[in-house]
Amino acid sequence: MAGRKRKVVTAAAPEVLYHGTGAEIEGAVRPFTHFGTFRAALTRACRTAYGNGFKPDMEAPVLIYPAQVGIAAAMVTEDLQGEIKNHSPNLLAAHLHYDAGAVISSAEFGEVIKAVQTGGDGYAVLGDILKAKGWDGIAYTNDYEDRHSLSWIVLNGDQATLGEPIRLTLGEALRLHDAGATEPPVSPDLVEVATSFTR
């Protein structure tokens with residue numbers, strides 16, 4: 001049964017956000033990429049490195065990309081209940097239909113599920129549904145990497161302009177994390193200005 005409809009809050013992304021990863025990003029980011037605070041990105045990158053089998057004493061690359069994200073009207077929601085790693089299109093659609101106040105209808109939810117089940121692009125379908133409702137992103141309360149902060153999801157990759165990544169070994173990243181770091185050790189290198197996605 002769909003969740004009870006309620007008023008949806010919208011928000012604009014801050015000037016600078018971060019994305020944590022263990023791999024170089026070449027070209028535009030993928031649609032539905034997540035961005036958040038420096039601490040959220042740091043935590044995600046450390047978890048990714050551990051998940052890939054790296055140890056603190058290994059020279060594993062931890063990359064924290066600063067970014068300007070062109071989100072002017074994100075739909076604000078809570079984090080996916082019980083989910084840490086998997087924000088797949090079907091789970092996002094289920095969350096928006098059942099848990100977030102029936103933001104998308106049963107028919108729209110079915111469109112996303114059908115796309116996923118038939119090998120289509122569920123993210124593209126979900127993105128089109130959200131853009132048709134006037135949103136250009138999703139903002140959610142991050143319950144895992146930086147509790148109570150907002151993290152942000154772009155619907156289109158060209159909404160984000162990345163700066164030069166902050167490169168850390170896993171050991172360096174863990175020391176920053178354990179020290180409670182909320183800001184990067186160096187100023188983010190951002191030279192371009194991202195423009196908001198035009199609906």
Side-chain angles (χ1 to χ4, degrees), residues 7-23 25 27-48 62-81 83-96 99-101 103-104 112 122-166 181-184 188-190 192-199:
K7 183 178 180 181
V8 179
V9 177
T10 61
E15 182 176 352
V16 180
L17 292 168
Y18 297 88
H19 177 76
T21 181
I25 299 176
V29 302
R30 292 177 297 180
F32 282 79
T33 293
H34 295 234
F35 297 88
T37 63
F38 173 76
R39 184 159 185 82
L42 180 67
T43 304
R44 172 52 64 95
C46 288
R47 286 179 172 173
T48 298
V62 170
L63 304 176
I64 310 293
Y65 281 89
Q68 289 178 315
V69 177
I71 294 179
M75 184 208 70
V76 181
T77 183
E78 65 269 20
D79 207 344
L80 291 183
Q81 299 299 313
E83 280 296 333
I84 297 176
K85 298 179 180 177
N86 191 347
H87 287 120
S88 59
N90 49 322
L91 282 176
L92 276 171
H95 173 72
L96 298 177
D99 302 323
V103 169
I104 66 174
V112 178
Y123 284 126
V125 173
L126 180 56
D128 287 344
I129 290 169
L130 294 175
K131 284 180 276 188
K133 296 177 184 294
W135 294 306
D136 60 0
I138 299 172
Y140 62 93
T141 304
N142 193 320
D143 288 336
Y144 298 100
E145 287 92 11
D146 185 9
R147 288 185 64 82
H148 308 307
S149 70
L150 278 182
S151 286
W152 305 76
I153 303 174
V154 295
L155 303 185
N156 278 42
D158 60 6
Q159 288 176 267
T161 300
L162 301 181
E164 285 297 314
I166 300 164
T182 59
E183 298 293 334
D189 181 10
L190 285 164
E192 297 184 47
V193 177
T195 56
S196 180
F197 177 69
T198 302
R199 293 183 297 275

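Start at 1 with the first residue, then count along the sequence.
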Where [X] and [Y] come nearest, the two heavy atoms and their spacing:
{"X": "Val76", "Y": "Thr10", "value": "CG2-C, 4.0 Å"}
{"X": "Trp152", "Y": "Tyr140", "value": "N-CE2, 4.4 Å"}
{"X": "Glu15", "Y": "Gln68", "value": "O-CG, 3.5 Å"}
{"X": "Val29", "Y": "Ala160", "value": "CG2-CB, 3.9 Å"}
{"X": "Pro165", "Y": "Pro66", "value": "CA-CD, 4.2 Å"}
{"X": "Ala40", "Y": "Ser151", "value": "CB-OG, 4.4 Å"}

*Would Phe32 and Leu155 count as a side chain to side chain contact (heavy atoms under 4.5 Å, CB included) if you check the C-alpha gap in whole Å, the side-chain angles of each, and the deciding distance to 0.1 Å?*
CA-CA 5 Å; Phe32 282 79; Leu155 303 185; 3.6 Å; yes

*Listed by chain and number, what are the side-chain hydrogen bond (donor to acceptor under 3.5 Å, both in side chains) partners of Thr33, not counting sequence neighbours?*
none

[X] side chain to [Y] backbone, donor-acceptor under 3.5 Å:
{"X": "Asp136", "Y": "Ile71", "answer": "no"}
{"X": "Arg39", "Y": "Ala181", "answer": "yes"}
{"X": "Gln159", "Y": "Gly70", "answer": "yes"}
{"X": "His19", "Y": "His34", "answer": "yes"}

*For side chain to side chain contact (heavy atoms under 4.5 Å, CB included), just list the numbers for Thr43 and Tyr144, CA-CA rounded to whole Å, side-chain angles, deciding distance to a tenth of an Å, and then say yes or no.*
CA-CA 9 Å; Thr43 304; Tyr144 298 100; over 6 Å; no

Nearest-0.5 Å distance that lies between atom [atom1] in [X] and atom [atom2] in [Y]:
{"X": "Lys133", "Y": "Met75", "atom1": "NZ", "atom2": "CE", "result": "10.5 Å"}
{"X": "His148", "Y": "Asp143", "atom1": "NE2", "atom2": "CG", "result": "7.5 Å"}
{"X": "Leu126", "Y": "Ser88", "atom1": "CG", "atom2": "OG", "result": "10.5 Å"}
{"X": "Glu164", "Y": "Leu63", "atom1": "CD", "atom2": "CG", "result": "10.5 Å"}
{"X": "His95", "Y": "Ile104", "atom1": "NE2", "atom2": "CD1", "result": "10.5 Å"}
{"X": "Leu150", "Y": "Ile138", "atom1": "CG", "atom2": "CD1", "result": "12.5 Å"}

*Decide yes or no for Ile129 and Leu96: does some side-chain heavy atom of the first lie under 4.5 Å from some side-chain heavy atom of the second?*
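The answer is no; the side chains never approach within 4.5 Å.
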
*Side chain proximity check, Thr48 to Thr21, heavy atoms < 4.5 angstrom*: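 They are not in contact (no side-chain heavy atoms under 4.5 Å apart), so the answer is no.
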
*Does Tyr65 have any ring pair (Phe, Tyr, Trp, His ring centres under 6.0 Å) partners at least two apart in sequence or in another chain, and if so, which?*
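Checked Tyr65 against ring pair (Phe, Tyr, Trp, His ring centres under 6.0 Å); zero matches.
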
_If the condition is side chain to side chain contact (heavy atoms under 4.5 Å, CB included), which residues does Ser149 pass it with, not counting sequence neighbours?_
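Here the qualifying residues are Thr37, Asn142, Asp146.
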
*Taking the inter-plane angle between the rings of Tyr18 and Phe38 on a 0 to 90° scale, is it parallel (under 30°), tilted (30 to 60°) or perpendicular (over 60°)?*
perpendicular

*Evaluate side chain to side chain contact (heavy atoms under 4.5 Å, CB included) for Val103 paired with Thr77, printing each intermediate quantity in order.*
CA-CA 10 Å; Val103 169; Thr77 183; over 6 Å; no

